[in-house]
Amino acid sequence: MLNGAIRRAWGALALAVFGLLSFPAAGQVMPEGPILAAADLRAGQDLSGQWNWSIDPYRDGLAGFHGGEAGPSQRRHADADVANLRRADPLALFEYDMDAAPVAMLPASWLTHSPQMRHYQGLVWYQRRFDAVIDPASRSILRFGAANYSAEVWLNGKRLGRHEGGFTPFAFEVTGLLRARGNRLVVAVDSQRSSHDVPPPVTDWETYGGITRAVRLINLPGTFVDDAWVRLEADGRISADIRIDGVQKAGLPVRLIIPELGIDQRATTDMDGGLALRITPRKPIQRWSPDSPKLYRVEISAGEDRWHDIVGFRTLSVQGSQILLNGEPIFLRGISLHEEELGADPTRHITDAAADALLVEARDGLGANFVRLAHYPHGEPMLRAADRLGMIVWSEIPVYWRIAFDDPAVLEKTRRMLAEMILRDRNRASIALWSVGNETPIGDARNGFMARLALDVRALDPDRLVTAALLTGREMDGGRQVVTISDPLAASVDVLAVNTYFGWYGSDRLDDIGTFGWDLPIDKPFLFSEFGAGAKLGYHAEGPPQKFTEEYQADYYRATLAMAEGIPTLAGLSPWVLKDFRSPRRQLPGIQDGWNRKGLISETGERKQAFAVLAEWYAKREGTR
Ligand code: GCU
């Protein structure tokens, strides 16, 4: 059984092996603002709704063309009522007016604000006017679920700060900055990225720039629960690591209760507002699993603050080439999916209903118990749906293909993104795997970069499994193709994973791939984290199989599944991909038209022939280990 202590030692070895000591051996990189665990369950003022928006492709609102500060005629973030100022001084020059700008309903990507925005990439200014209840006794936190790719934020003309990363939450304290009427929240969202960003400019998915998740104003007591990580340990006890923020955080009485388990624990925080509880439950725990996704309400009282989360209790580990859930081997019958709702014109706005629609199709349609939420942290609704529906999750940060691995600043921002993901979601029982990257090119800088990320995962969450989509090598051996994992990152992960496309990319014939051998380490579980073939729904061709027909995709699945059956350490698979998804790289007219067509269902949810092939294969594996 691989437990936390062994894995931490393993991580240290990996660090030494990759000479990572040259990397800044700084302490853990943390989010810059409050963590606000379970923020989505906190009462608050939802600022979804009508926002003004205004494009700024040359970023005049951020800086003048001369390089200095933006001129007064361009300062979209100023707390200025432009219409009034122009009436007061007809000679005053303004070349923007956020109050008069068009309106869009947020959260949503700007792609759907107007037809002209469909392919816009760059900077868009957003403004939300709102009234607020001012309570001098409370602290006010402005929390963004996500803004893609970077966001700079002002409230009533005061700059709050900037966040990078399009898929993780960020928050600013705005206590004392709010007014009762007419607050002016202005956000500059920029989708521009370079190879020094994560993800880099070239990905195989639509960027979906904009404010794509909820923005909420959360009022809290002066001292509140900022972080609470509650989980089941291998020894059957429940651990709770609590972090209090505020002037009264030291020596504060805290009470944790889990009513259904008869747990009612009182203790006092240390000088830093921290508290670690190890609780022996008085009643038997109904452990979380796909067959029984039991969730418990966990409540924490600290001073005036009342915090709660809805948590499943289960254990995870690896034993040889098996993944153990609650001590029992489990085979992960999975599928991959992007964060993109069903429909002909998605805008990356995943509501509870949109998340359920996707996950129920995977669970009840395919018979899946596992989803790879590619290639970046999905929103809270998706993770809460996975908890509720009993879907095991692979969650990942978008360290994807080629980024500047040799740039310490890129490592720093990636480590922060990883921490933001883990600290947001580590109470989600559904998450079993944290992936630190996808198909990243092997090299000394990259090897060190990735091994460092794996160590961060172990520091932040030693009980979950680390993985990554690794690179493979291939050679002829004894007259047949043999695939090996040639990636040094394999040493840093608990679960080996590979994306394979034999029979789609390259010249392999489907008839041959069943003969391929896989020469894999036998001491770790192995997943096919991707395989897939494109098919346009309803496209059939006469004569021999043709790529992009439904028949070819179905044949590809039969051949690849047959190959998978020959791998003794196979612990699961997450074929690419549940649903056709937008990708600007895919422009075959009449077939792709800007969509990646490897979905088993079309963008509007219609099943292709290959859907049944996978569903039948999973049906045979139901209950297998
Ligand atoms: C890659 C990559 C995916 C991509 C897929 C494809 O393996 O990880 O993001 O969409 O292949 O080519 O369709």
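The figures here come from the full heavy-atom set of this structure, side chains too, leaving out hydrogens, waters and symmetry mates. Here, residue 1 is the first one in the sequence, and each next residue gets the next number. Order of appearance sets the numbers: ligands from 1, and atoms from 1 within every ligand. Just so it is clear, the model here is predicted, and its values are computed rather than measured.
- Smallest separation of non-hydrogen atoms from Y149 and V198: OH-N, 3.1 Å.
- Proximity of a side-chain donor or acceptor of R193 to a complementary backbone N or O of P199 within less than 3.5 Å is detected.
- Pairs of residues two or more places apart, or lying in two chains, that qualify as salt bridge (charged side-chain N to carboxylate O under 4.0 Å, His left out) and include a residue from residues 340-349 are E339-R348, E340-K579, D345-R582.
- Checked by atom type and distance alone, the side chain of W401 never pairs as donor or acceptor with a backbone atom of P200 at under 3.5 Å.
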N or O contacts of ligand 1 with protein under 3.5 Å, please list pair by pair.
from	atom 1	to	atom 2	distance (Å)
ligand 1	7 (O)	E439	OE1	3.3
ligand 1	7 (O)	E439	OE2	2.6
ligand 1	7 (O)	E530	OE1	2.7
ligand 1	8 (O)	N438	ND2	2.9
ligand 1	8 (O)	E530	OE1	3.2
ligand 1	8 (O)	E530	OE2	2.7
ligand 1	9 (O)	H375	NE2	2.6
ligand 1	9 (O)	Y400	OH	2.7
ligand 1	10 (O)	D204	OD2	2.5
ligand 1	10 (O)	W576	NE1	3.1
ligand 1	11 (O)	Y501	OH	3.4
ligand 1	11 (O)	E530	OE1	3.4
ligand 1	12 (O)	Y505	OH	2.5
ligand 1	12 (O)	R586	NH2	3.0
ligand 1	13 (O)	D204	OD2	3.4
ligand 1	13 (O)	W576	NE1	3.4
ligand 1	13 (O)	N596	ND2	2.9
ligand 1	13 (O)	K598	NZ	2.7

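- The stretch residues 507-517 participates, sequence neighbours left out, in these side chain to side chain donor-acceptor pair (under 3.5 Å) pairs: R474-D508.
- A search for side-chain contact (heavy atoms from CB on, under 4.5 Å) contacts involving Q609 returns H540, E550, E551, A554, not counting sequence neighbours.
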